[in-house]
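Heads up: the structure comes next, in structure tokens.
Residue numbers start from 1 in every chain, and the chains themselves are labelled A, B, ... in the order their sequence lines are given, proteins ahead of strands.
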Amino acid sequence: MTPDQEEYVERVLTLVEGVPPGRVTTYGAVAAVVGGGPRRVGTVMSLHGGGVPWWRVVRADGSLPPSHDERAREHYLDEGTPLRRAGVDMAGAFWDPGEPDDHRQGP
DNA sequence: TTGGTGACGGTAT
DNA sequence: TATACCGCCACCA
């Protein structure tokens, strides 16, 4: 693993850890911040996502892979994440890592 | 070097 | 609303 890779992985994981409980972000949103592409982020998560709240990173439509969907749902219920039939209610739970909704950096 | 692949995204049917 | 396809970026045989 090259230093570049480790750094990229660390940036992804750090950002994921920054997602507030009860909220979620998407692979694409993460990729928009750390660079690379959504698929790259997904690959990183599959390999190193075990140590972070991986369930707070979902696909653009608010769903997760069937295998992890069940496990994630328990976390969502536990955290009070707004859910919808297909998965997470993106309209209410989406959190943009590039612009946290606490955009009160100014008056 | 080439081709195939994946915890993805967006548009077309 | 559910599927199909194509585009994307990096990794690997």
Query raised in the report: Is there a donor-acceptor pair closer than 3.5 Å between any side-chain N or O of Arg23(A) and the backbone N or O of Phe94(A)?
Result: yes
Query raised in the report: So, the side chain of Tyr76(A) versus the backbone of Gly87(A): is there a donor-acceptor pair under 3.5 Å, distance only?
Result: no
Query raised in the report: Between His75(A) and Trp54(A), what is the ring plane arrangement, given parallel below 30°, perpendicular above 60°, and tilted in between?
Result: perpendicular
Query raised in the report: Taking atom CD of Glu10(A) as the centre, does the number of heavy atoms from other residues, nucleotides or ligands within less than 6.0 Å exceed 12?
Result: no
Rounded to whole Å, how long is the line connecting atom [atom1] of [X] with atom [atom2] of [N]?
| X | N | atom1 | atom2 | answer |
| --- | --- | --- | --- | --- |
| Trp54(A) | dC8(B) | CH2 | P | 13 Å |
| Asp61(A) | dC8(B) | CG | C1' | 10 Å |
| Gln5(A) | dC9(C) | CD | C1' | 11 Å |
| Met1(A) | dC12(C) | CE | C1' | 14 Å |
| Asp69(A) | dA7(B) | CG | P | 15 Å |
| Glu6(A) | dC11(C) | CD | P | 13 Å |
| Tyr27(A) | dG9(B) | OH | C1' | 13 Å |
| Arg85(A) | dT1(C) | CZ | C1' | 9 Å |

What nucleotide, of [options], holds the atom closest to the side chain of [X]?
| X | options | value |
| --- | --- | --- |
| Arg59(A) | dG9(B), dC11(C), dA7(B) | dG9(B) |
| Thr43(A) | dC11(C), dG6(B), dA7(B) | dG6(B) |
| Pro65(A) | dG6(B), dA7(B), dG10(B) | dA7(B) |

Requested in this report: Return the 5'-most residue of the pair Arg40(A), Gly28(A) with respect to DNA chain B, ranking by each residue's nearest nucleotide.
Outcome: Arg40(A)
Query raised in the report: How far, in whole Å, is dC8(C) from dA12(B) if one measures between their P atoms?
Result: 15 Å
Query raised in the report: Just wondering, do Leu83(A) and Leu77(A) contact through their side chains at under 4.5 Å, heavy atoms?
Result: yes
Query raised in the report: Which part of the nucleic acid does Arg39(A) contact within heavy-atom distance under 4.0 Å: base, sugar-phosphate only, or nothing?
Result: base
